[in-house]
Amino acid sequence: IFLRPSIARVNAFFFLQNAFHIGTHGASFYFFTDNARQYPEGQHFSPRFFVTTIGMVASAFALLGMVFYNRCAKNWKYRSSLVA
């Protein structure tokens with residue numbers, strides 16, 4: 001219950017960030033997969049293509065982020081990277 005002030009501030013930040021997050025995943029799914037009759041100017045992806053492509057691209061960028069961190073940013077200090 002009692003935390004150090006620095007840890008409490010970080011916890012409060014992440015709590016508020018998650019509390020005020022507006023999710024658009026459902027809306028973007030329908031926006032990208034509506035057919036020409038439902039939304040004539042849309043992209044008209046098939047649901048299978050949209051779900052697999054988004055998942056694979058997200059996984060690829062997550063792996064790239066891990067590689068970048070391990071090769072370049074492992075020894076960076078938080079203060080210098082946040083106040084650049």
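In this structure E41 satisfies the side chain to side chain contact (heavy atoms under 4.5 Å, CB included) test together with Y39, sequence neighbours excluded. The side chain to side chain contact (heavy atoms under 4.5 Å, CB included) test applied to A62 returns no partner, not counting sequence neighbours. Take N70 and apply the side chain to side chain contact (heavy atoms under 4.5 Å, CB included) test, not counting sequence neighbours, and it matches K74.
Side-chain heavy-atom separations under 4.5 angstrom define the hydrophobic clusters, and the remaining members of the one that includes L63 are M66. Its side chain within the 4.5 Å cluster rule, F68 clusters with W76 among the Ile, Leu, Val, Met, Phe, Trp and Tyr residues. Grouped with L64 in a hydrophobic cluster is no other residue, since no side-chain heavy-atom contact under 4.5 Å to another Ile, Leu, Val, Met, Phe, Trp or Tyr is found.
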In a table with atom names and distances, give each donor-acceptor pair under 3.5 Å that connects a side chain of residues 4-31 to protein atoms at least two apart or in another chain.
residue	atom	partner	partner atom	Å
N18	ND2	F14	O	3.3
S28	OG	T24	O	3.1
S28	OG	H25	O	3.0

Per-pair distances, 0.1 Å, donor-acceptor, side chain in residues 44-56, under 3.5 Å, sequence neighbours excluded:
residue	atom	partner	partner atom	Å
H44	ND1	D34	O	2.9
H44	NE2	P40	O	3.4
H44	NE2	G42	O	3.1
S46	OG	F49	N	3.1
T52	OG1	R48	O	2.8
T52	OG1	F49	O	3.3
T53	OG1	F49	O	2.6

